[in-house]
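Worksheet: the structure to be examined is printed underneath.
Only a predicted model underlies this, so the values are computations on that prediction, with no experimental measurement involved. Naming convention: chains lettered A, B, ... in sequence-line order (proteins, then strands); numbering from 1 in each chain.
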Amino acid sequence: MFLTILNYNRGYRVMLSQALCKTSRSYTTLQLFYLMKKKGFVHSVCSYTALIYGFCREGMQDNVFQWLDFMQNNGCKPNVITYMIIVKFLFDNGKFKEAMNFVSKMERERCNPDLLTYNVILRELFHRDRLDDISELIQVMDQKGLSPDSYSYAALCGGLLKIGKVGDACELLLDIFSNGAADVAVYNIYFQCLCQENKSREALSQLKRKMKVGFKPNNVSYNTMLSGFCKEKKY
DNA sequence: TTAGGGTTAG
């Protein structure tokens, strides 16, 4: 089977990056990786990144950093995606300082953080209630000409909600809706805000109204409503 | 070919 895959360079890479790393099979991926190397394939930043991503998802921290070193020793420079994956992994594991050190490292190596990386940092800063740093970060993003997208809004509004500033979150959300840059995740945060203020019925009627103009709720939207109604003991 | 946000319950 492997040999068949080896005959199709592109097919192999897709298999390596998509099929294996995303389904918690990093060990199998690793075997394939070595087999490919043995057969003379030169791995790209994408294959190394896919492998590192797999290790992050499985919480295999030692492997993450070993492979980061390994790729660099093999003359392959990590790119913004590689770094962002590692930064998020460190945040998710409570290693804030280490993550921020990686952000500085990115900048030093002229691998400038992009909107996705800033969104990850923004979310983490909110979770840590570091409002001064958030304001500074938003200024930096603005200076770099990075316009916020729906992920940025989710980080901002979700963060405000998480630290108990429901009113501010609602205000910001209504402002976002008037500019039309929201998607289902951002709307779900809005429904959550309403439910938190014991306005589950209003959340439901807004959901229905939105559906009439093409809005497609998902399981999170419905779960948010259900949770709101249960908390209010309406049913 | 690689990446980021939102729900609950257990």
Side-chain angles (χ1 to χ4, degrees), chain A residues 5 8-23 26 29 32-33 36 41-57 64 67-68 71 76-92 99 102-103 106 111 113-127 137 141 146 148-162 166 169 172-173 176 181-196 200 203-204 207 215-231:
Chain A
I5 295 165
Y8 300 95
N9 194 344
R10 190 174 175 278
Y12 141 71
R13 289 181 192 283
V14 170
M15 183 173 175
L16 177 74
S17 61
Q18 292 181 354
L20 297 177
C21 278
K22 287 186 177 172
T23 54
S26 288
T29 309
L32 187 55
F33 202 97
M36 288 303 304
F41 282 88
V42 176
H43 291 296
S44 70
V45 60
C46 295
S47 14
Y48 281 109
T49 302
L51 194 62
I52 288 173
Y53 182 52
F55 288 133
C56 285
R57 286 170 66 102
V64 170
W67 277 81
L68 182 65
M71 75 182 278
C76 186
K77 276 179 78 174
N79 64 13
V80 65
I81 300 176
T82 324
Y83 279 124
M84 193 270 272
I85 289 168
I86 294 172
V87 167
K88 186 173 185 331
F89 171 73
L90 289 169
F91 279 150
D92 290 345
F102 262 93
V103 176
M106 285 173 83
C111 176
D114 60 1
L115 182 62
L116 277 76
T117 313
Y118 281 117
N119 286 345
V120 169
I121 303 170
L122 209 52
R123 178 175 176 269
E124 182 65 21
L125 291 175
F126 261 112
H127 285 186
L137 190 75
M141 289 170 74
L146 297 170
D149 64 3
S150 55
Y151 283 78
S152 325
Y153 293 136
L156 283 166
C157 303
L160 285 169
L161 183 61
K162 210 152 256 174
V166 188
L172 180 58
L173 282 158
I176 293 164
D183 64 6
V184 64
V186 180
Y187 271 102
N188 287 343
I189 296 169
Y190 180 56
F191 298 140
Q192 206 192 328
C193 283
L194 292 175
C195 290
Q196 201 135 317
S200 305
L204 185 60
L207 175 78
F215 175 75
K216 286 189 178 132
N218 60 14
N219 63 327
V220 178
S221 326
Y222 291 118
N223 285 343
T224 304
M225 296 289 165
L226 284 171
S227 161
F229 279 114
C230 288
K231 273 180 196 152

Grab the [atom1]-[atom2] distance between [X] and [N] for me, whole Å please.
{"X": "A:M36", "N": "B:dT1", "atom1": "CE", "atom2": "C1'", "answer": "12 Å"}
{"X": "A:I189", "N": "B:dG5", "atom1": "CD1", "atom2": "C1'", "answer": "7 Å"}
{"X": "A:Y48", "N": "B:dT1", "atom1": "OH", "atom2": "C1'", "answer": "15 Å"}
{"X": "A:L90", "N": "B:dA3", "atom1": "CG", "atom2": "P", "answer": "18 Å"}
{"X": "A:E124", "N": "B:dG5", "atom1": "CD", "atom2": "P", "answer": "11 Å"}
{"X": "A:I121", "N": "B:dG5", "atom1": "CD1", "atom2": "P", "answer": "13 Å"}
{"X": "A:I85", "N": "B:dG5", "atom1": "CD1", "atom2": "P", "answer": "12 Å"}
{"X": "A:M71", "N": "B:dT2", "atom1": "CE", "atom2": "P", "answer": "15 Å"}

Check the angle between the aromatic planes of A:Y48 and A:H43 and answer parallel, tilted or perpendicular using the 30° and 60° thresholds.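 The arrangement is perpendicular - the two ring planes meet at more than 60°.
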Ring geometry between A:F215 and A:F191 (parallel below 30°, tilted from 30 to 60°, perpendicular above 60°): perpendicular
Base, sugar-phosphate, or nothing for A:T82, non-hydrogen atoms under 4.0 angstrom? nothing
Regarding A:V80, tell me which of base, sugar-phosphate or nothing describes its non-hydrogen contacts under 4.0 Å with the strands shown. nothing
Exercise: identify the closest heavy-atom pair between A:L146 and A:P113: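 Answer, listing the atom of A:L146 first, then A:P113: CD1-O, 4.5 Å.
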Considering all heavy atoms, the nearest A:A169-A:C157 contact: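 Shortest heavy-atom contact: CB-O, 3.9 Å.
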Can you check nucleotides 7-9 of chain B for protein contacts, nitrogen or oxygen pairs under 3.5 Å, and list what you find?
| residue | atom | partner | partner atom | Å |
| --- | --- | --- | --- | --- |
| B:dT7 | O2 | A:N223 | ND2 | 2.6 |

Confirm from the modelled atom types if A:D149 and B:dG5 form a donor-acceptor pair under 3.5 Å, side chain to base only.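 Between B:dG5 and A:D149, which were checked side chain against base, a qualifying N/O pair under 3.5 Å is absent.
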Using a 4.5 Å cut-off on heavy atoms from C-beta on, say whether the side chain of A:D183 contacts that of A:Y153.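 They are not in side-chain contact.
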Quick one, A:L51 and A:M71 - any side-chain contact, counting heavy atoms below 4.5 Å? no
Compare the minimum distances between each of B:dT2, B:dG5, B:dA3 and the side chain of A:L116, then state the nucleotide with the smallest one.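 From the listed options, B:dA3 comes nearest.
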Under the salt bridge (Lys or Arg N to Asp or Glu O under 4.0 Å) rule, collect the residues that match up with A:D114, sequence neighbours excluded.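 So A:D114 forms no salt bridge (Lys or Arg N to Asp or Glu O under 4.0 Å) with any residue.
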